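Just below is one structure, and these are the notes that go with it.
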Amino acid sequence: MKNTSKLSYHLGELRGVYLRKSDDGYSLSHAGERIVRFLLSENYEQPESLGPEPVDGVCVFCGEEALEAKLSHQFFRIDCTACEKQVTGQPITPAQVRTRDGESLVRSVKLRSAEDARQIRREMCPECGAHLSADVIGVPESPLPDADSFVVTSTCEECLREYNSPLTYSVVSHPASVAFHWNRGIDVTARGLWEFHEYLYEGRWTSEQTASDPNEYVVVLRHGEDAVRLYLDSTATVVRTERVRSDSGEFRHS
Ligand SMILES: [Zn+2]
Ligand SMILES: [Zn+2]
């Protein structure tokens with residue numbers, strides 16, 4: 001702006017919420033910085049279209065390997081072409097789509113969902129950083145396989161985001177699960193949620209309520225003959241874990 005009095009008028013208007021003034025001049029506030037980065041990344045644009053493209057994994061509802069990914073508004077969405085149900089929907093940003101293609105875009109969706117899951121498990125809202133309160137809800141009529149009829153609902157009181165996940169998936173990023181799978185050649189931290197569906201569909205991952213008032217649950221993640229058990233309280237917090245080896249019949253507590 002050439003007109004300096006106009007400039008100082010506009011800077012003055014932005015003071016408080018968006019700008020801070022000190023002896024050195026103006027600097028961005030938290031809100032100002034968020035908005036500038038939002039504008040620079042052009043995340044107000046519509047993401048470019050993608051797909052439908054086939055992706056690996058099986059449908060959690062019918063077990064078919066018939067998954068297709070596409071973008072639907074702000075979501076990366078996977079549908080099953082066999083039973084025509086939506087299998088997953090993960091938030092995606094226009095910048096995420098603009099700077100990647102095909103496989104690397106899918107990888108970024110997996111990474112984001114794994115990172116989000118890790119934060120949600122530790123009761124932190126990935127959107128705004130506020131504390132989340134979690135509840136376990138029984139859904140006997142759920143279309144999910146019988147292996148897991150519980151859903152964890154985590155609600156952010158600040159930005160009103162709500163996160164839902166099958167109880168079994170909510171513990172996948174727990175260190176006991178990460179280590180158990182890592183020892184068997186699986187990096188669960190690099191997997192997309194839809195890549196866990198086969199474990200649920202085949203009943204290798206299960207959940208069960210073990211006590212009420214207060215409610216307690218156990219999730220069992222099996223691999224081959226071995227398993228890891230994660231015991232949870234009513235807020236879906238893991239309170240104890242145990243490895244089970246079928247050959248020795250021994251438990252290892254931690
Ligand atoms: Zn299906
Ligand atoms: Zn939030």
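Since the structure is predicted, the reported quantities are computational estimates derived from the model, not experimental observations. Atoms within a ligand are numbered from 1 in the order they appear, just like the ligands themselves.
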Quiz item: So, D79 and R77, do they make that salt bridge, N to O below 4.0 Å?
Solution: yes
Practice problem: Check whether the side chains of R112 and Q96 place a donor and an acceptor atom closer than 3.5 Å, and report yes or no. | Solution: yes
Practice problem: Could you grab the angle centred on the Zn ion (ligand 1), going from SG in C80 to SG in C62, to 10°? | Solution: 110°
Quiz item: Rounded to 10°, how big is the angle at the Zn ion (ligand 2) from C128 SG to C159 SG?
Solution: 110°
Quiz item: Without hydrogens or angle criteria, can the side chains of T81 and E68 be said to hold a donor-acceptor pair below 3.5 Å?
Solution: no
Practice problem: Round to 10° and report the angle made at the Zn ion (ligand 1) by SG of C59 and SG of C83. | Solution: 110°
Practice problem: Hey, can you tell me if Y169 and F196 have their rings parallel, tilted or perpendicular (30° and 60° cut-offs)? | Solution: perpendicular
